[in-house]
> 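Structure provided below as structure tokens; questions to follow.
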Amino acid sequence: MKLSQRLSHLQDMVDGHYAHIWDCCCDHGLLGAALLKKQVAGTLHFVDIVPGIMQTLQGKLERFFPLNQDVTSPQWRVHCMDVAKLPLADYPSNTPQLVIIAGVGGELTGELVSAIQASADALGQNIEFLLCPVHHTYQLRDRLSAMALNLVDEKLISENKRCYELLHVARRGERPITAIGDNLWSQAPFELQQAYLRRLLKHYHQVVRGSKQEQKPLLERAISDYQAQLDLLSA
């Protein structure tokens, strides 16, 4: 199947070779299969917690990417498990590994990144993350920054009338992860930026009214930051 625009952009952001790439919450495995074809990893790992999805995916991988002893052929593994518990200890590496998490909310994405990074730190492994949350990117960015992760790359894209932020983050790099992004606004079309900011402001104005008191400062800061960016665009 042809990759969606969102998955195609994620594929393009994998611009190096990794010992291991972990395609998490992989659903039908389309992104991972595309990366297998590109041969950008020693081993491509497909991870999801739903047994039926993984059984179907394994059958397709065995058909189209049969494993053999030829080290030049694509290598892959299927893991039916909680993404927060990736078996990093079973795959030691002195070179970077890439974890891709796409299609889940920003809060869950932050929890998964935190758990995986803690495991990697304990093992002395070098992990990078390629993320595409479906919402709550402001909260996610705040959490990633608190974890001392840095920005490698970021993009704002549109697919099926929805906007997505794509984030490549890692301990390496010198650029901090900012609250609303930098490259997002210098690269995306003007009309897309405006539509996205207005949608975000509408969402956060609704959320802040029903939020708990301890959540309000972050949400109010999000409103202020997004409004300032919209004002800058409109100036």
Side-chain angles (χ1 to χ4, degrees), residues 3-16 18 20-32 34-35 40-41 44-49 79 81-86 88 96-121 125-160 162-185 187-188 196 200 203 218 222 226:
L3 289 181
S4 67
Q5 185 173 350
R6 180 172 58 95
L7 294 183
S8 181
H9 277 286
L10 286 170
Q11 177 188 222
D12 291 342
M13 291 176 75
V14 182
D15 58 358
Y18 295 87
H20 299 274
I21 293 180
W22 304 79
D23 180 10
C24 302
C25 309
C26 63
D27 196 11
H28 300 293
L30 296 178
L31 177 58
L35 294 174
V40 291
L44 206 305
H45 301 263
F46 297 81
V47 189
D48 204 298
I49 201 169
H79 308 269
M81 64 185 307
D82 183 351
V83 170
K85 300 177 181 179
L86 293 186
L88 299 178
Q97 302 187 43
L98 179 67
V99 175
I100 303 173
I101 304 174
V104 298
E107 184 176 355
L108 177 55
T109 299
E111 293 173 0
L112 296 176
V113 170
S114 181
I116 295 167
Q117 185 64 63
S119 178
D121 288 343
Q125 294 188 7
N126 186 355
I127 298 290
E128 300 181 9
F129 296 92
L130 184 55
L131 310 173
C132 179
V134 294
H135 49 59
H136 296 161
T137 54
Y138 194 94
Q139 293 92 320
L140 174 60
R141 284 173 175 273
D142 186 72
R143 186 164 187 171
L144 296 175
S145 180
M147 291 170 57
L149 291 169
N150 295 310
L151 183 69
V152 178
D153 194 12
E154 61 183 352
K155 290 182 180 180
L156 176 63
I157 66 139
S158 176
E159 178 183 79
N160 296 329
R162 292 193 63 176
C163 295
Y164 297 94
E165 294 181 34
L166 314 184
L167 297 167
H168 184 178
V169 302
R171 287 277 164 80
R172 68 177 176 92
E174 300 179 354
R175 290 186 292 169
I177 299 171
T178 59
I180 65 171
D182 294 316
N183 291 353
L184 296 183
W185 316 113
Q187 296 179 6
Y196 183 48
L200 286 169
H203 168 74
L218 180 65
Y226 287 129

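Just the heavy atoms: all of them, side chains too, but no hydrogens, waters or symmetry mates, feed the values below. Not measured: the values here are computed from a predicted model.
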> With sequence neighbours left out, what residues match Val152 under side chain to side chain contact (heavy atoms under 4.5 Å, CB included)?
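Once residues adjacent in sequence are excluded, the partners of Val152 under the side chain to side chain contact (heavy atoms under 4.5 Å, CB included) criterion are His168, Ala170, Arg172.
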> Show the numbers, then the answer: is there a side chain to side chain contact (heavy atoms under 4.5 Å, CB included) between Asp23 and Leu35?
CA-CA 10 Å; Asp23 180 10; Leu35 294 174; 6.0 Å; no
> With His45, which residues qualify under side chain to side chain donor-acceptor pair (under 3.5 Å), at least two apart?
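If we apply the side chain to side chain donor-acceptor pair (under 3.5 Å) test to His45, skipping adjacent residues, the hits are His20, His79.
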> Holding to ring pair (Phe, Tyr, Trp, His ring centres under 6.0 Å), I want the full list of residues that pass it with Tyr196, two or more places apart in sequence or in another chain.
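Scan of Tyr196 (ring pair (Phe, Tyr, Trp, His ring centres under 6.0 Å), adjacent residues dropped) gives none.
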> Considering residues at least two apart in sequence or located in another chain, which fulfil the side chain to side chain contact (heavy atoms under 4.5 Å, CB included) criterion with Ser4?
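By the side chain to side chain contact (heavy atoms under 4.5 Å, CB included) rule, Ser4 matches Arg6, Leu7, Glu159.
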> Applying side chain to side chain contact (heavy atoms under 4.5 Å, CB included), name anything that partners His9, two or more places apart in sequence or on another chain.
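His9 satisfies side chain to side chain contact (heavy atoms under 4.5 Å, CB included) with Gln5, Lys155, Ile157, Leu166 once adjacent residues are dropped.
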> For Leu218, enumerate each residue passing the side chain to side chain contact (heavy atoms under 4.5 Å, CB included) test, keeping only those at least two apart in sequence or located in another chain.
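With sequence neighbours excluded, Leu218 shows a side chain to side chain contact (heavy atoms under 4.5 Å, CB included) to Tyr138, Gln139, Asp142, Arg221, given in chain and number order.
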> Side chains of residues 99-118: which donor-acceptor partners sit under 3.5 Å, not counting sequence neighbours?
{"unit_1": "Thr109", "atom_1": "OG1", "unit_2": "Gly105", "atom_2": "O", "d": "2.7"}
{"unit_1": "Gln117", "atom_1": "NE2", "unit_2": "Asp121", "atom_2": "OD1", "d": "2.8"}

> Using ring pair (Phe, Tyr, Trp, His ring centres under 6.0 Å) as the criterion, list what pairs up with Phe46, not counting sequence neighbours.
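By the ring pair (Phe, Tyr, Trp, His ring centres under 6.0 Å) rule, Phe46 matches no residue at all.
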> Using the test side chain to side chain donor-acceptor pair (under 3.5 Å), find all partners of Tyr18 that sit at least two apart in sequence or belong to another chain.
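Result, side chain to side chain donor-acceptor pair (under 3.5 Å) vs Tyr18: Glu128.
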> Do any pairs count as a side chain to side chain donor-acceptor pair (under 3.5 Å) and have a residue in residues 144-154, sequence neighbours left out, and if so which ones?
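Non-adjacent pairs meeting side chain to side chain donor-acceptor pair (under 3.5 Å): Arg141-Glu154.
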> Are any side-chain N or O atoms of Glu165 and backbone N or O atoms of Thr137, one a donor and one an acceptor, separated by less than 3.5 Å?
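No; judged by distance alone, with no hydrogens or angles, the pair does not exist.
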> Look at the side chain of Asp82 and the backbone N and O of Ala84, then say whether any donor-acceptor pair between them is shorter than 3.5 Å.
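Side chain of Asp82 to backbone of Ala84: a pair is present.
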